[in-house]
Amino acid sequence: MPRRSIASLPVLGPTLLILLLALPAAAWELDPAQSRVAATVVQLAPEGPIPRQHEVRRLTGVAEADGTLVLPLRLAQSDVIERMGPLPPWLSGFTERPMATLTTRFPPERLERLAVGDSLVEVLMLSVQSGNSSRTEPLAVRFTRESPERVRVTNAERVALDGRELMADPTLRSVMRLLGYERIGDEVPVSLDTVLVRG
């Protein structure tokens with residue numbers, strides 16, 4: 001099965017991921033309660049590889065008229081906070097600071113023509129900025145119209161982040177070490193599951 005390696009995306013999707021993040025028109029927005037990116041990180045421990053799943057949840061964003069979306073991914077949206085427990089006050093601002101910012105664009109007219117029950121796959125250009133690095137990669141995304149007011153968005157093919165690149169990013173490496181990861185596998189598979197609703 002084809003795979004794209006998006007080296008500069010953050011863990012959890014952050015995500016990638018996720019990814020995901022092509023909103024077709026100003027009338028559409030992500031439903032935070034049903035929009036997330038999941039990533040599987042393989043910890044390389046003395047007793048052997050241990051896979052662990054993480055999520056970036058409550059994804060939010062509203063498309064511009066031309067289908068452009070700018071989406072910051074914050075540590076506070078991830079399950080990292082739940083795993084770490086209460087943070088000291090001096091770290092509270094850090095959790096709200098974007099780990100990465102994703103930008104993409106989708107032709108709005110394609111989604112408007114999509115009939116209920118039908119799907120389409122689009123290869124989007126996803127720009128990812130994390131720290132001082134910036135990268136643009138193609139990402140295949142599947143749009144499935146579940147009702148006139150609701151469209152589900154998932155990745156159309158397997159996506160894996162480069163674990164070595166993730167650990168090379170100072171911000172992401174700090175987050176990984178807070179979670180107890182000293183070494184991780186070369187691949188971090190990412191899956192996208194988001195829902196667009198009428199605004």
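Quick caveat, the model's predicted, so the values are computed rather than measured.
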Do [X] and [Y] have side-chain heavy atoms sitting under 4.5 Å apart?
| X | Y | result |
| --- | --- | --- |
| Tyr181 | Arg52 | yes |
| Thr194 | Leu196 | no |
| Ile184 | Val42 | no |
| Met176 | Val41 | yes |
| Met125 | Pro138 | yes |
| Leu166 | Val188 | yes |
| Glu55 | Val37 | no |
| Gln43 | Pro49 | no |

Steps toward side-chain hydrogen bond (donor to acceptor under 3.5 Å, both in side chains) verdict (Thr144, Ser119): CA-CA 4 Å; Thr144 303; Ser119 297; 2.7 Å; yes
From CA spacing to verdict: salt bridge (charged side-chain N to carboxylate O under 4.0 Å, His left out), Glu29, Arg150: CA-CA 10 Å; Glu29 62 186 49; Arg150 175 186 172 99; over 6 Å; no
Partner set under side chain to side chain donor-acceptor pair (under 3.5 Å) for Asp31, not counting sequence neighbours: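 Gln34.
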Whether the side chain of [X] engages the backbone of [Y] through a donor-acceptor N/O pair (distance < 3.5 Å, no angle test) should be reported.
| X | Y | value |
| --- | --- | --- |
| Thr40 | Gln53 | no |
| Asn155 | Leu192 | yes |
| Arg145 | Pro148 | yes |
| Gln77 | Arg74 | yes |

Could you tell me the separation between the [atom1] atom of [X] and the [atom2] atom of [Y], rounded to the nearest 0.5 Å?
| X | Y | atom1 | atom2 | value |
| --- | --- | --- | --- | --- |
| Leu161 | Asp186 | CG | CG | 12.5 Å |
| Phe143 | Leu111 | CZ | CG | 6.5 Å |
| Arg142 | Glu122 | CZ | CD | 12.0 Å |
| Glu47 | Leu44 | CD | CG | 10.5 Å |

Pair Val195-Leu30, side-chain contact (heavy atoms from CB on, under 4.5 Å): steps then yes or no: CA-CA 6 Å; Val195 172; Leu30 283 171; over 6 Å; no
Within one Ile-Leu-Val-Met-Phe-Trp-Tyr cluster: Leu120 and Val151, side-chain cutoff 4.5 Å: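 Same cluster.
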Exceeds 12 heavy-atom contacts within 6.0 angstrom, atom CZ of Arg183: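 Not more than 12 within 6.0 Å, no.
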Verdict with reasoning, Arg173 to Glu182, per salt bridge (charged side-chain N to carboxylate O under 4.0 Å, His left out): CA-CA 9 Å; Arg173 185 172 61 248; Glu182 290 296 329; over 6 Å; no
Residue pair Pro32 / Thr60: nearest heavy atoms and the distance that separates them: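 Smallest interatomic distance, heavy atoms only, reads CG-CG2, 3.4 Å.
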Steps toward side-chain hydrogen bond (donor to acceptor under 3.5 Å, both in side chains) verdict (Glu149, Trp28): CA-CA 9 Å; Glu149 309 299 321; Trp28 293 92; over 6 Å; no
